[in-house]
Trainee: 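The structure under discussion is supplied below as structure tokens; questions concerning it will follow.
Here the structure is a predicted model, which is why all the values come from computation and not from measurement.
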Amino acid sequence: MSEQNKLVILNETLKKEGSEEEVEGLTIVVDGVIQQMFEIIKSERGYTNYNEVLRDIIFEGVNNIIKK
């Protein structure tokens, strides 16, 4: 796999604000081919930032998985 096809996801455990509950936090590095895809989606759907792109990717992906 080439470097451009690599997806970097950093994982850490965080304490939920106001409680001792721990939650899993993810940081996604948007670069290379992934960045190009995000730019296309952002432009075609009129999004203003990558947060909106990722939100819909997650929701649409979860909905597709549930339907299967």
Side-chain angles (χ1 to χ4, degrees):
M1 183 183 329
S2 82
E3 280 295 310
Q4 292 212 3
N5 291 327
K6 191 164 120 181
L7 177 63
V8 177
I9 302 175
L10 307 173
N11 187 338
E12 65 181 303
T13 302
L14 307 165
K15 289 213 183 212
K16 199 172 188 181
E17 189 175 331
S19 79
E20 290 299 312
E21 181 183 355
E22 290 187 344
V23 294
E24 194 169 342
L26 303 173
T27 300
I28 300 170
V29 179
V30 180
D31 194 15
V33 174
I34 297 293
Q35 183 178 16
Q36 292 170 7
M37 292 181 341
F38 269 54
E39 282 295 330
I40 291 168
I41 294 167
K42 186 176 141 187
S43 173
E44 287 181 357
R45 293 207 178 179
Y47 296 130
T48 59
N49 57 54
Y50 288 170
N51 289 346
E52 294 174 346
V53 175
L54 184 58
R55 177 200 62 213
D56 283 358
I57 287 171
I58 291 172
F59 285 142
E60 289 181 30
V62 168
N63 284 331
N64 283 332
I65 289 170
I66 290 171
K67 288 178 184 177
K68 289 184 180 181

Trainee: Ile65 versus Lys67: any side-chain heavy-atom pair under 4.5 Å?
Mentor: no
Trainee: May I ask whether Met37 and Val30 are part of the same hydrophobic cluster, defined by side-chain heavy atoms of I, L, V, M, F, W, Y residues being less than 4.5 angstrom apart, directly or through others?
Mentor: yes
Trainee: Side-chain donor-acceptor pair under 3.5 Å between Glu52 and Thr48, yes or no?
Mentor: yes
Trainee: Enter the distance from Ile40:CD1 to Arg45:CZ here, rounded to the nearest 0.5 Å.
Mentor: 13.0 Å
Trainee: Anything under 3.5 Å between a donor and an acceptor, one on a side chain of residues 16-29, the other on a protein residue two or more places apart or in another chain? List them.
Mentor:
unit_1, atom_1, unit_2, atom_2, d
Ser19, OG, Glu21, N, 3.2
Glu20, OE1, Lys15, NZ, 2.9
Glu24, OE2, Asn11, ND2, 2.6

Trainee: Could you give the distance from CD1 (Ile34) to CD1 (Ile57), rounded to the nearest 0.5 Å?
Mentor: 8.0 Å
Trainee: What residues form a side-chain hydrogen bond (donor to acceptor under 3.5 Å, both in side chains) with Glu44, not counting sequence neighbours?
Mentor: none
Trainee: With side chain to side chain contact (heavy atoms under 4.5 Å, CB included) as the criterion, how do Leu7 and Asp31 come out once you've worked through the C-alpha distance, each side chain's angles and the decisive distance to 0.1 Å?
Mentor: CA-CA 8 Å; Leu7 177 63; Asp31 194 15; over 6 Å; no
Trainee: Are Ile9 and Val33 grouped together when hydrophobic residues (ILVMFWY) are joined by side-chain heavy atoms under 4.5 angstrom apart?
Mentor: yes
Trainee: Answer yes if Leu10 and Leu14 sit in the same cluster of Ile, Leu, Val, Met, Phe, Trp and Tyr residues linked by side chain heavy atoms under 4.5 Å apart, and no otherwise.
Mentor: no
Trainee: For residues 15-68, pull every pair meeting ring pair (Phe, Tyr, Trp, His ring centres under 6.0 Å), keeping only residues two or more places apart or in separate chains.
Mentor: Phe38-Tyr50
